[in-house]
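Ligands are counted one by one from 1 in listed order, and the atoms in each one are counted from 1 as well. Positions are given from 1 along the sequence.
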Amino acid sequence: MEQQDCLFCKIVAGEIPSTKVYEDDVCIAFNDIAPQAPTHILVIPRDHVRSMNETDEKHKETLGHLLLTAAELARKAGFAEKGYRVVINTNEEGGQTVFHLHVHLLGGRQFIFPPG
Ligand code: AMP
Ligand code: ZN
C-alpha cells in the first residue's frame, strides 16, 4: 500500500525516476543516488513498511525475500566471493533517513567494522 509523501513509494509507483536493476512482485532494487561504494543498490519492498520497528510475523516472507534478492544481486554483480555488505539502518540513531524499509547492498571495495 502506497504511503502519501513517501519518497520510495513514489519510486515504486514510477512517479520519481530511479535506475532500476531488478524488480519482481514483492520488491524493486535500484542504484542509490549517493553511492557509498562502487556498487550501492537499495532493495525495497513494494508495500510501504516504515522501518524494521514496524515488522512482525506477517513480514517474514518479505524480509527473507529482500535478503535473498540482495544475495542474488551480489552474485550477479560478481563480488559475492570477495565479499560485500548488507545494511538496514533503523530510525534516527541507526542512520535511517528514508522511512520506507530498505536493504543497502554495498560491494566492490573493502569495508571496515564497526561502521561509523
Ligand atoms: P538510509 O539513510 O538508510 O535511510 O538510506 C537512504 C538512502 O536513500 C541513502 O543512501 C540515499 O542516498 C538514498 N536515496 C535518497 N533519495 C534517493 C533517490 N531519489 N534515489 C535513489 N536513492 C536515494
Ligand atoms: Zn513508502
Give the atoms of ligand 1, by number and element, whose distance to some non-hydrogen atom of [X] is under 4.0 Å.
{"X": "A34", "value": "12 (O)"}
{"X": "Q96", "value": "4 (O)"}
{"X": "F8", "value": "8 (O)"}
{"X": "N31", "value": "21 (C)"}

Just need the protein heavy atom nearest to [atom], so name the residue and atom and give the distance.
{"atom": "atom 16 (N) of ligand 1", "value": "L7 CD2, 3.3 Å"}
{"atom": "atom 9 (C) of ligand 1", "value": "D32 OD2, 3.3 Å"}
{"atom": "atom 22 (N) of ligand 1", "value": "I33 N, 3.2 Å"}

Do ligand 1 and [X] have nitrogen or oxygen atoms that lie under 3.5 Å from each other?
{"X": "T97", "result": "yes"}
{"X": "H102", "result": "yes"}
{"X": "I11", "result": "no"}
{"X": "V98", "result": "yes"}

Side-chain H-bond candidate by donor/acceptor type, S51 with E54, under 3.5 Å =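 Yes, E54 and S51 have a side-chain donor paired with an acceptor closer than 3.5 Å.
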Under 3.5 Å, is there a donor-acceptor pair linking the side chains of H102 and N89?
->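 No, N89 and H102 have no side-chain donor paired with an acceptor closer than 3.5 Å.
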Heavy atoms, side chains only, cut-off 4.5 Å: are [X] and [Y] in contact?
{"X": "L7", "Y": "H100", "result": "no"}
{"X": "I41", "Y": "F30", "result": "no"}
{"X": "L66", "Y": "P45", "result": "yes"}
{"X": "L42", "Y": "F8", "result": "yes"}
{"X": "T55", "Y": "V49", "result": "yes"}

Does H104 approach ligand 1 within less than 4.0 angstrom via side chain, backbone, both or neither, non-hydrogen atoms only?
->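 Side chain only.
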Classify the contact between V87 and ligand 1 as side chain, backbone, both or neither, using a heavy-atom distance cut-off of under 4.0 Å.
->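 Within the 4.0 Å criterion, V87 makes no contact with ligand 1.
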At the Zn ion (ligand 2): angle between H48 atom ND1 and C6 atom SG, to 10 degrees |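 If I round to 10°, I get 110°.
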Indicate yes or no for a side-chain donor-acceptor contact from [X] to the backbone of [Y] under 3.5 Å, with no hydrogens or angles considered.
{"X": "H59", "Y": "D56", "value": "yes"}
{"X": "E23", "Y": "V21", "value": "no"}
{"X": "E15", "Y": "K10", "value": "no"}

Output the atom name for the N/O/S atom of H100 with the smallest distance to the Zn ion (ligand 2).
->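 Considering only N, O and S atoms, H100 comes nearest to the Zn ion (ligand 2) through ND1.
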Contact between ligand 1 and [X] is defined here as a heavy atom of the residue under 4.0 Å from a ligand atom; is it met?
{"X": "I88", "result": "no"}
{"X": "S18", "result": "no"}
{"X": "F99", "result": "no"}

How are the rings of H40 and H104 set to each other: parallel, tilted or perpendicular (split at 30° and 60°)?
->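 Answer is tilted, since the angle falls between 30° and 60°.
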